[in-house]
Amino acid sequence: MAAPPVVIWEREVQQLLSPADLIPRLEDALGKFSRRDAAEVLQPVRTAVPLQKHGGFMGLMPTYMEKDGVLSTKFVCFYKREEGSTLPAVQATVVLLDPEYGNVKAVMDGEVITAMRTAAVSAISAKLLMPPQAEVLAILGTGKQALSHYRVFTEMFLFKEVRVWSRTKQGAARFIRSIDGPVQGCSSAEEAVRGADVIVTVTGSTQPVLFGQWVKAGAHVAAVGACRPDWRELDDVLMKEAVVYADSREGAMLESGDVILSGAEVFAELGDVINGTKAAHREKTTVFKSLGMGVEDAVSAQLVFDRWKAKAGKF
Ligand SMILES: NC(=O)c1ccc[n+]([C@@H]2O[C@H](COP(=O)([O-])OP(=O)(O)OC[C@H]3O[C@@H](n4cnc5c(N)ncnc54)[C@H](O)[C@@H]3O)[C@@H](O)[C@H]2O)c1
Ligand SMILES: O=C(O)[C@@H]1CCCCN1
């Protein structure tokens with residue numbers, strides 16, 4: 001009989017994971033995913049079960065990395081929350097299994113993993129696609145992902161100015177209080193993004209919050225929210241003018257309202273750029289449409305588990 005699973009919760013995951021260690025593993029995983037070699041990564045588009053009564057979805061994100069011996073799934077519930085709601089917008093748990101025996105090895109909090117790996121993948125997109133000498137970063141939204149994107153982007157890049165916009169004054173004030181570094185609060189999304197070299201959209205909006213006419217030619221946009229086929233964060237002008245990259249082409253075609261409803265073409269996956277099979281058009285306006293992938297959670301969870309074992313002196 002297999003040993004019972006270990007439970008690794010939020011504070012411990014936080015202590016065991018860092019963007020600097022995660023980024024090379026995520027780059028490797030994105031490249032493997034885009035090679036579509038079933039022995040490297042098997043990852044179907046997530047199943048989303050509607051939670052009609054609560055205005056949300058339960059996403060199931062299984063992944064198998066045969067060569068690396070990693071089998072995992074994330075359960076993630078995400079909701080469209082009304083303004084003023086105190087309930088969380090995203091709740092996640094990652095389960096790591098033994099691919100040979102099929103038993104669960106570890107159950108871990110998925111909040112820190114989701115926050116960190118999503119921001120790290122956006123930072124990889126910026127590293128590959130933002131204009132050279134990018135000076136101004138703008139963040140639209142001030143929730144959990146906004147915080148993790150601020151932390152990872154300011155750790156990885158040197159911006160002269162960071163701007164943030166929230167739909168509420170309280171949201172912006174809370175964000176500014178909780179970060180440890182300079183940031184300029186803006187009273188409109190337009191004010192925040194005009195002239196910005198890199199723009200991150202991390203809102204719970206289902207309608208466009210970023211419009212192409214505001215975006216400087218050559219800027220890079222990492223679009224992280226709007227993960228349902230009828231939800232938007234970006235308008236048609238931006239989607240049609242930009243060169244569009246995605247984490248998963250299939251995911252974008254099935255889940256991204258920004259891609260589906262604008263009719264924009266996905267030029268490449270981030271993994272294609274990492275593999276050198278598609279160009280990084282830094283000289284053009286670029287959009288990275290992030291939907292989030294199970295393989296990102298798989299490598300993050302494996303890293304947490306390896307570190308946990310080393311710390312506990314196990315195996
Ligand atoms: N791509 C990925 O891998 C990935 C991973 C996690 C979360 N997400 C998505 O990113 C978004 C942010 O997630 P989070 O965990 O930071 O949520 P959160 O609830 O902590 O923050 C959401 C932010 O969006 C703002 N917002 C909500 N509705 C808005 C509207 N109509 N207009 C403007 N602003 C609005 C809120 O005020 C808040 O600042 C969500 O859409 C979530 O589903 C994507
Ligand atoms: O990949 C993820 O973890 C997220 C969760 C929230 C909805 C979008 N995708």
Side-chain angles (χ1 to χ4, degrees), residues 26 30 43 45-49 51 55-63 72-94 109-125 139-151 164-176 178 185-186 188-190 192 200-210 222-229 231-234 246-248 251-252 254-259 270 287-298 300-301:
L26 288 169
L30 292 167
Q43 181 217 267
V45 176
R46 89 184 117 224
T47 301
V49 177
L51 309 172
F57 295 85
M58 181 187 71
L60 186 63
M61 303 172 67
T63 299
S72 73
T73 190
K74 181 161 87 175
F75 300 88
V76 59
C77 291
F78 55 98
Y79 303 85
K80 179 174 161 14
R81 297 292 189 209
E82 297 311 323
E83 198 177 322
S85 167
T86 52
L87 298 172
V90 179
Q91 287 275 298
T93 305
V94 185
D109 161 73
E111 300 296 292
V112 175
I113 288 177
T114 302
M116 205 184 284
R117 65 76 152 143
T118 307
V121 170
S122 298
I124 293 168
S125 85
I139 302 177
L140 303 186
T142 52
K144 271 193 188 169
Q145 286 293 338
L147 283 173
S148 62
H149 278 72
Y150 179 88
R151 288 185 183 128
V164 70
W165 167 77
S166 170
R167 63 179 168 164
T168 64
K169 274 194 178 148
Q170 301 90 302
R174 200 170 40 238
F175 179 89
I176 293 166
S178 43
C186 295
S188 71
E190 179 176 357
V200 173
T201 60
V202 274
T203 73
S205 186
T206 55
Q207 304 297 326
V209 290
L210 179 62
V224 173
C227 57
R228 295 293 305 156
W231 293 4
R232 303 288 302 259
E233 269 191 320
L234 317 182
D247 37 17
S248 152
L254 281 169
E255 293 191 324
S256 168
D258 288 327
V259 170
L270 221 45
V287 165
F288 166 55
K289 180 56 228 163
S290 163
L291 290 151
M293 300 204 296
V295 72
E296 300 162 2
D297 301 309
S300 306

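One-based numbering, in listed order, for ligands and for the atoms of each.
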Donor-acceptor pair, [X] side chain versus [Y] backbone, under 3.5 Å?
X    : Y    : value
S178 : F175 : yes
R46  : L291 : yes
E111 : A92  : yes
S290 : V224 : no
K80  : G204 : no

Scan R167, Q145, E233 and name whichever one has a side chain to side chain donor-acceptor pair (under 3.5 Å) with T203. E233
Output, in order, the C-alpha distance, side-chain angles, deciding distance and verdict of side chain to side chain contact (heavy atoms under 4.5 Å, CB included) for T118 and H149. CA-CA 8 Å; T118 307; H149 278 72; 4.1 Å; yes
Looking only at protein heavy atoms, which one is nearest to [atom], and how far off is it?
atom                    : result
atom 19 (O) of ligand 1 : A89 CB, 3.2 Å
atom 9 (C) of ligand 1  : V224 O, 3.7 Å
atom 1 (N) of ligand 1  : S290 OG, 2.9 Å
atom 39 (O) of ligand 1 : T142 N, 2.8 Å
atom 30 (C) of ligand 1 : S205 CB, 3.5 Å
atom 11 (C) of ligand 1 : T203 O, 3.3 Å
atom 6 (C) of ligand 1  : Q145 NE2, 3.3 Å
atom 5 (C) of ligand 1  : T118 OG1, 3.4 Å

Measure the CG-OH distance between L51 and Y79 for me, rounded to the nearest 0.5 Å.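 The CG atom of L51 sits 5.5 Å away from the OH atom of Y79.
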Run the numbers for me: atoms of ligand 2, each under 4.0 Å from some heavy atom of [X], listed by number.
X    : answer
V76  : 5 (C)
T114 : 3 (O)
K74  : 2 (C), 3 (O)
M61  : 1 (O)
R46  : 1 (O), 2 (C), 4 (C), 8 (C), 9 (N)

Could you go through V202 and I139, starting from their C-alpha distance and side-chain angles, then the distance that decides it, and tell me whether this counts as side chain to side chain contact (heavy atoms under 4.5 Å, CB included)? CA-CA 7 Å; V202 274; I139 302 177; 3.8 Å; yes
Contacting atoms of ligand 1, where contact means under 4.0 angstrom from a heavy atom of [X]:
X    : result
V202 : 12 (C), 23 (C), 24 (O)
T114 : 5 (C), 6 (C)
L291 : 1 (N), 2 (C), 3 (O)

Are more than 12 heavy atoms from other residues, nucleotides or ligands located less than 6.0 Å from atom CZ of R81?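 Yes, enclosed.
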Report, as yes or no, whether the 6.0 Å neighbourhood of atom CD on Q207 holds more than 12 heavy atoms from other residues, nucleotides or ligands.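 Atom CD in Q207 is not packed in, count stays at 12 or less.
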Verdict with supporting geometry, L270 and D247, side chain to side chain contact (heavy atoms under 4.5 Å, CB included): CA-CA 6 Å; L270 221 45; D247 37 17; 5.7 Å; no
Does ligand 1 have a heavy atom under 4.0 Å from the side chain of W165, from its backbone, from both, or from neither? side chain
Just heavy atoms, cut-off under 4.0 Å: does L140 contact ligand 1 by side chain, backbone, both, or neither?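 Neither part.
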Compute the minimum heavy-atom distance from R117 to ligand 2 and say whether it is under 4.0 Å. yes
Determine, using heavy atoms of E296 and all atoms of ligand 2, whether some pair is separated by less than 4.0 Å.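 The answer is no: ligand 2 sits nowhere under 4.0 Å from a heavy atom of E296.
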Can you list the steps and then say if T114 with K144 is a side-chain hydrogen bond (donor to acceptor under 3.5 Å, both in side chains)? CA-CA 10 Å; T114 302; K144 271 193 188 169; over 6 Å; no
Short N/O distance, under 3.5 Å, between K144 and ligand 1? yes
Contact (N/O only, under 3.5 Å) between G204 and ligand 1: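 Indeed, backbone or side chain, G204 has an N or O that close.
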Answer yes or no for R117: is there a heavy-atom contact with ligand 1 below 4.0 Å?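 In this structure, R117 qualifies as a contact of ligand 1 - some heavy atom is under 4.0 Å.
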Any Y79 heavy atom less than 4.0 Å from ligand 1: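 Distance cut 4.0 Å: Y79 fails for ligand 1.
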Side chain or backbone of L291 under 4.0 Å from ligand 2, or both, or neither, by non-hydrogen atoms? backbone
Heavy-atom nearest option to atom 7 (C) of ligand 2, drawn from G292, C227, C77, A48: C227
When you measure from atom 42 (C) of ligand 1 to each heavy atom in V121, V90, T206, which option holds the nearest one? V90
Residue pair K289 / G225: nearest heavy atoms and the distance that separates them: NZ-O, 2.5 Å
Can you classify the ring geometry of F78 versus F57 as parallel (below 30°), tilted (30 to 60°) or perpendicular (above 60°)? parallel
Determine, stepwise, if the pair V164 / T142 fulfils side chain to side chain contact (heavy atoms under 4.5 Å, CB included). CA-CA 7 Å; V164 70; T142 52; 3.6 Å; yes
